[in-house]
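Below: the structure, in structure tokens.
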Amino acid sequence: ETFAKQLGYPAGELLTTAWVIALDRQSFFAAAKQLAQSDLPLHQKEPIESRPGHLQLLFRDPMGHTIELYTTTEEADDDS
């Protein structure tokens, strides 16, 4: 079982559709907490900063699709 190839991370192996869902910070961290307590396969256990000011968390849904949850940090807000 592996993840889809996606620009945000180098470890994907499958050539298939992947989804990105942008969330506000509060919703992102609430979803990350729920995912950590679920049986869904996570690419990493904690959100990672894919680039400064941007967080992502990758998991596979029950049908095997790669899903990326995405949000920005206060650092990104300061840059705008």
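Hydrogens, waters and symmetry mates are skipped; everything else that's a heavy atom, side chains included, is used.
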**OP:** Check whether more than 12 heavy atoms from other residues, nucleotides or ligands sit under 6.0 Å from atom CD of Gln37, and answer yes or no.
**Re:** yes
Original post:
Taking all atoms of both residues into account, what is the closest heavy-atom pair of Leu42 and Ala36, and its distance?
Top reply: CD1-CA, 4.2 Å
Original post:
Which value, rounded to the nearest 0.5 Å, describes the distance between Leu69 atom CG and Gln56 atom CD?
Top reply: 10.0 Å
Original post:
Atom CD1 in Ile21, atom OG1 in Thr71: separation rounded to 0.5 Å?
Top reply: 12.5 Å
Original post:
Rounded to the nearest 0.5 Å, how far does CZ of Arg60 lie from CG of Leu40?
Top reply: 9.0 Å
Original post:
At what distance, to the nearest 0.5 angstrom, does CZ of Phe29 lie from CG of Leu55?
Top reply: 5.0 Å
Subject >> Backbone N/O of Gly53 and side chain of Glu49: donor-acceptor pair under 3.5 Å >> reply: yes
